[in-house]
Amino acid sequence: ELLAALKPKPTKDGKLEIPVVASVPPHLLGAGAGLDSEGGSVHIQTTDKKALKGAGLDSLRLGDVVALENYDSRYQHGYLRGAIGIGVIGQGDSPRAGYGPGITVIMTSGKGGIVPRLSKNINLKSLLSLKD
């Protein structure tokens, strides 16, 4: 249901375009790196508010769909140049680095087969017509 609601579009070069509210650079990802993809979520791992704002991550909400740049979660989570992941913010922020916002990965391509497209309101609530 979520995949249908995201309305992925094929690109001319055979990739899959997915709308996201933000794209998380790999240097801000952690807490879960090295775990198998079934065993742990990924977290935005910083308390640097300027870095979050600079990356457009300072206003994320639960349910937002985000891209994970150069991050592969096929067999375990970790940095891989050219890989792209797509995830949903499933855990709130924390004053401790590495404990949030938490991201549940829903798809990944180790060879850049996903193209994130920045768009507003790409959130589970609006995508799935959820009520308060």
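Values reported hereafter were calculated over all heavy atoms of this structure, with side chains retained and with hydrogens, waters and symmetry mates removed.
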Partners meeting side chain to side chain donor-acceptor pair (under 3.5 Å) with K49 (sequence neighbours left out): D93
Path from V105 to Y79 over hydrophobic side-chain contacts below 4.5 Å: no
Residues 14-26 side chain polar contacts: donor-acceptor under 3.5 Å, at least two apart:
from, atom 1, to, atom 2, distance (Å)
E17, OE2, R117, NE, 2.8
S23, OG, E69, OE2, 2.8

Pairwise salt bridge (charged side-chain N to carboxylate O under 4.0 Å, His left out) hits with a residue in residues 99-108, at least two apart: none
Set of side chain to side chain donor-acceptor pair (under 3.5 Å) partners for T11, sequence neighbours left out: D13
Spacing of CG belonging to L57 relative to CG belonging to L28, to within rounding of 0.5 Å: 6.5 Å
Beyond-backbone contact of V88 with D64, side-chain heavy atoms, under 4.5 angstrom: no
Atom pair CD1/CD1 of I86 and I122 - distance to nearest 0.5 Å: 11.0 Å
Member of L128, N123, L124, L130 meeting the side chain to side chain contact (heavy atoms under 4.5 Å, CB included) criterion with S126: N123
Any pair counted as side chain to side chain donor-acceptor pair (under 3.5 Å), so long as it reaches residues 104-114, sequence neighbours left out: none
Pairwise side-chain contact, R74 with L80, heavy-atom cut-off 4.5 Å (strictly under): yes
side-chain contact (heavy atoms from CB on, under 4.5 Å) partners of K53, counting only residues at least two apart: D58
Test log, rule side chain to side chain contact (heavy atoms under 4.5 Å, CB included), inputs M107 and L3: CA-CA 10 Å; M107 66 178 75; L3 183 59; 3.8 Å; yes
Test side chain to side chain contact (heavy atoms under 4.5 Å, CB included) applied to I44 and V66, step by step: CA-CA 11 Å; I44 296 174; V66 297; over 6 Å; no
Contact summary for I103 and G87, nearest pair of heavy atoms: CG2-CA, 3.7 Å
